[in-house]
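Below is one structure, written out as structure tokens, with a few remarks after it.
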Amino acid sequence: MARTGFFGNLPQDRRDQLMSLAREVSFATGERVFNERGKADRFWIIRTGTVALDLHVPGRRAAVIETLGAGELLGWSWLFPPHRWHLGAEASSPVRAYEFDAIAVRDLCGTDPVLDHALCVYVARVVADRLRAARVRLLDLYAPYGAGQVP
């Protein structure tokens, strides 16, 4: 695996420990990976393909917030109680990914403060980026034309 994203911040032995918990999975185009408010009990690192993150908008079609690709983390809600997805996700092309069981990763982090810290810092950055992307996209879709730009 490339030394980018979360894995790039870890020493080799910690990467190996984490990867020992991974299993390879695939999703077909159009397949739902998870639904908003569902149980967040796993996460993925995308190897190939793309996944659209979407947000339920009452009275409208779900709004696609962001599209993720190779090397990106899919899912962060598994790390924080109540462990429910904040967004939905659907494969927008055939996807291959590494899947991680959330409980096993949280248990490993409980015994390894270095891994725990690196994972929490990385996921916090991902959450901040996704929140900004959601704000920009929702303003793009629903704000009056000419309302201004997002700082």
Side-chain angles (χ1 to χ4, degrees), residues 1-57 60-112 114-142 150:
M1 174 166 271
R3 294 186 59 140
T4 60
F6 172 64
F7 294 99
N9 295 329
L10 289 176
Q12 184 67 46
D13 63 331
R14 295 326 196 295
R15 273 197 307 276
D16 293 344
Q17 277 184 308
L18 193 57
M19 287 305 296
S20 74
L21 301 176
R23 70 183 191 106
E24 292 187 40
V25 297
S26 61
F27 302 100
T29 301
E31 185 175 347
R32 292 298 290 178
V33 180
F34 55 83
N35 291 305
E36 197 173 334
R37 294 191 248 2
K39 183 178 179 183
D41 59 357
R42 62 199 68 236
F43 67 95
W44 302 263
I45 301 294
I46 299 170
R47 295 181 59 211
T48 62
T50 55
V51 176
L53 296 176
D54 55 37
L55 177 67
H56 173 74
V57 179
R60 298 179 184 252
R61 288 186 14 202
V64 173
I65 300 300
E66 190 172 8
T67 301
L68 306 178
E72 293 189 271
L73 173 68
L74 173 59
W76 57 263
S77 302
W78 61 273
L79 187 57
F80 307 106
H83 307 296
R84 297 280 173 194
W85 297 118
H86 288 80
L87 299 170
E90 184 174 299
S92 43
S93 71
V95 172
R96 290 184 15 219
Y98 292 115
E99 181 179 87
F100 297 85
D101 177 87
I103 293 172
V105 173
R106 288 193 307 260
D107 287 348
L108 180 60
C109 287
T111 64
D112 187 340
V114 171
L115 179 63
D116 185 53
H117 178 74
L119 181 62
C120 287
V121 168
Y122 179 71
V123 171
R125 286 185 187 137
V126 168
V127 171
D129 289 346
R130 303 260 165 89
L131 287 173
R132 185 174 193 296
R135 181 172 187 237
V136 168
R137 182 66 176 137
L138 291 174
L139 286 174
D140 182 46
L141 289 171
Y142 303 114
V150 177

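Everything numeric here is computed off the predicted structure, so don't read it as measured data. Scope of the values below: all heavy atoms of this structure, side chains included, with no hydrogens, waters or symmetry mates.
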How many angstroms lie between atom [atom1] of [X] and atom [atom2] of [Y], to the nearest 0.5 angstrom?
X	Y	atom1	atom2	value
Arg42	Leu21	CZ	CG	13.0 Å
Glu66	Leu55	CD	CG	12.5 Å
Asp101	Arg106	CG	CZ	8.0 Å
Cys120	Leu115	SG	CG	9.0 Å
Thr48	Arg96	OG1	CZ	4.5 Å
His86	Arg130	NE2	CZ	13.0 Å

So which heavy atom on [X] is nearest to which on [Y], and how close?
X	Y	answer
Ser93	Gly49	OG-CA, 3.3 Å
Gly75	Phe43	O-CB, 3.7 Å
Val127	Trp76	CG2-CD2, 3.3 Å
Ala89	Leu53	CB-CD2, 4.0 Å
Cys109	Leu119	SG-CD2, 3.5 Å
Phe34	Leu87	CE1-O, 3.3 Å

Inset, instruction - Indicate whether any N or O donor in one side chain lies under 3.5 Å from an N or O acceptor in the other, for Thr50 and Ser92. - result: yes

Inset, instruction - Give a yes-or-no answer on whether the side chains of Gln17 and Asp13 include a donor-acceptor pair shorter than 3.5 Å. - result: no

Inset, instruction - Take Val105 and Leu79 through the test side chain to side chain contact (heavy atoms under 4.5 Å, CB included) and record every step on the way to the result. - result: CA-CA 9 Å; Val105 173; Leu79 187 57; over 6 Å; no

Inset, instruction - Decide yes or no on side chain to side chain contact (heavy atoms under 4.5 Å, CB included) for Tyr98 and Glu24, but give the supporting numbers first. - result: CA-CA 5 Å; Tyr98 292 115; Glu24 292 187 40; 3.8 Å; yes

Inset, instruction - For the pair Trp44 (side chain) and Phe100 (backbone), establish whether a donor and an acceptor sit closer than 3.5 Å, ignoring hydrogens and angles. - result: no

Inset, instruction - For His83 and Trp78, indicate whether the former's side chain and the latter's backbone hold a donor-acceptor pair under 3.5 Å. - result: yes

Legend entry - 4.5 Å side-chain heavy-atom contact, Arg14 and Leu18: no

Inset, instruction - Report the residue from Arg60, Arg61, Arg32 that forms a salt bridge (charged side-chain N to carboxylate O under 4.0 Å, His left out) with Asp54. - result: Arg32

Inset, instruction - Under the side chain to side chain contact (heavy atoms under 4.5 Å, CB included) rule, what do Lys39 and Arg84 come out as? Steps first, then yes or no, please. - result: CA-CA 5 Å; Lys39 183 178 179 183; Arg84 297 280 173 194; 3.5 Å; yes

Inset, instruction - Go through the steps to decide whether Arg135 and Leu131 satisfy the test side chain to side chain contact (heavy atoms under 4.5 Å, CB included), and finish with yes or no. - result: CA-CA 6 Å; Arg135 181 172 187 237; Leu131 287 173; over 6 Å; no

